[in-house]
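These numbers come from the heavy atoms of this one structure, side chains and all, not from hydrogens, waters or symmetry mates.
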Amino acid sequence: MRTPVLETERLFLRRPTRSDIGTVFARLKAGQTHVATAPLAGERALEQVVAIVCHWDLCGLGLFAAVPKGCDEPIGLAGPWKATGWEQPELGFLFLDTADADSLAPEALRRAHHFAERVIGWSEIVSHIRPEDRRAVALARTTGAIADPFADGPTEALTFRHPVRRGNWRRAA
């Protein structure tokens, strides 16, 4: 299956490679701090990383590796995600705590949002974030998302709604 490569001014967003997943997993397993829509650390990280990789094959979409131009190592993952048992698809993200993540993460998340809205055709886009992850909450707000206290989502998470423009966008086949 051919997957898209998205581009921003400073990033490429592409399907994660084995090397990308290895890098992210090693850092998560070591307990490196990160900003994410789901808490990943230690052995729990392996369970989620497997789901991230398989999501592309099972659903034809998934989290993209966000890779700065001129670099081979990802700063994190962002993209459309449909977790089993959840009511709505999610714009998921996980950014490692790197020197440039605070400036690059919003750029990656905005591009992934654009893809979910205009290419996939999602008319509602949410992100579920742990309340104690203040940096993830700030990232969601930076990209225009608004907290929705009435949303049906995981009980241990805050739900943020990303703005969606109404229009006749072309749906992906």
Verdict with reasoning, Thr23 to Glu73, per side chain to side chain donor-acceptor pair (under 3.5 Å): CA-CA 8 Å; Thr23 298; Glu73 196 166 296; 4.8 Å; no

Smallest separation among heavy atoms of Phe12 and Val5, with atom names: CD2-CG1, 4.2 Å

Verdict with supporting geometry, Trp122 and Phe115, ring pair (Phe, Tyr, Trp, His ring centres under 6.0 Å): CA-CA 9 Å; Trp122 285 359; Phe115 177 79; 8.9 Å; no

Check: Pro4 and Val119 side chains under 4.5 Å, non-hydrogen atoms: no

From CZ (Arg165) to NE2 (His114), nearest 0.5 Å: 7.0 Å

Heavy-atom closest pair, residues Leu91 and Ser127: O-OG, 2.6 Å

Taking every non-hydrogen atom, the tightest pair across Ile75 and Pro68: CG2-CG, 3.7 Å

Beyond-backbone contact of Trp81 with Leu63, side-chain heavy atoms, under 4.5 angstrom: yes

Heavy-atom check, side chain of Leu139 versus side chain of Phe95, under 4.5 Å: yes

Criterion side-chain contact (heavy atoms from CB on, under 4.5 Å) on Arg111 and Leu11, from CA distance to verdict: CA-CA 10 Å; Arg111 185 63 183 97; Leu11 296 167; over 6 Å; no

Intermediate values then yes/no, side chain to side chain donor-acceptor pair (under 3.5 Å), Asp100 and Ser103: CA-CA 6 Å; Asp100 50 2; Ser103 68; over 6 Å; no

Test log, rule side-chain contact (heavy atoms from CB on, under 4.5 Å), inputs Leu61 and His55: CA-CA 7 Å; Leu61 55 86; His55 205 267; 3.6 Å; yes

Close side-chain approach of Trp56 and Thr3, heavy atoms under 4.5 Å: yes

With Phe160, the side-chain contact (heavy atoms from CB on, under 4.5 Å) member among Asp148, Ile146, Val137, Val126: Val137

Pairwise distance OG1(Thr159) to CZ(Phe150) - rounded to 0.5 angstrom: 12.0 Å

Between Arg110 and His113: side-chain donor-acceptor atoms closer than 3.5 Å: no

Non-hydrogen atoms of Pro106 and Ala101 that approach each other most closely: CD-O, 4.2 Å

Side chains of Arg161 and Ile125 in contact at under 4.5 Å (non-hydrogen atoms): no

Rounded distance (nearest 0.5 Å) linking atom CG of Leu109 with atom CG of Leu77: 12.0 Å

Worked check of side-chain contact (heavy atoms from CB on, under 4.5 Å) between Leu104 and Arg10: CA-CA 8 Å; Leu104 292 176; Arg10 301 177 294 163; 3.3 Å; yes

Glu107 side chain vs Thr8 backbone, donor-acceptor pair below 3.5 Å: no

Exercise: identify the closest heavy-atom pair between Ile120 and Pro80: CD1-CG, 3.5 Å

Heavy-atom pair with the smallest gap, counting every atom of His128 and Ala157: CB-CB, 4.0 Å

Step-by-step side-chain contact (heavy atoms from CB on, under 4.5 Å) determination, Lys69 to Glu7: CA-CA 9 Å; Lys69 291 181 177 178; Glu7 187 174 356; 2.6 Å; yes

Residue pair Arg15, Asp20: steps toward the salt bridge (Lys or Arg N to Asp or Glu O under 4.0 Å) verdict: CA-CA 9 Å; Arg15 183 177 178 162; Asp20 296 335; over 6 Å; no

Residues that Glu132 engages under salt bridge (Lys or Arg N to Asp or Glu O under 4.0 Å), provided they are two or more places apart: Arg130

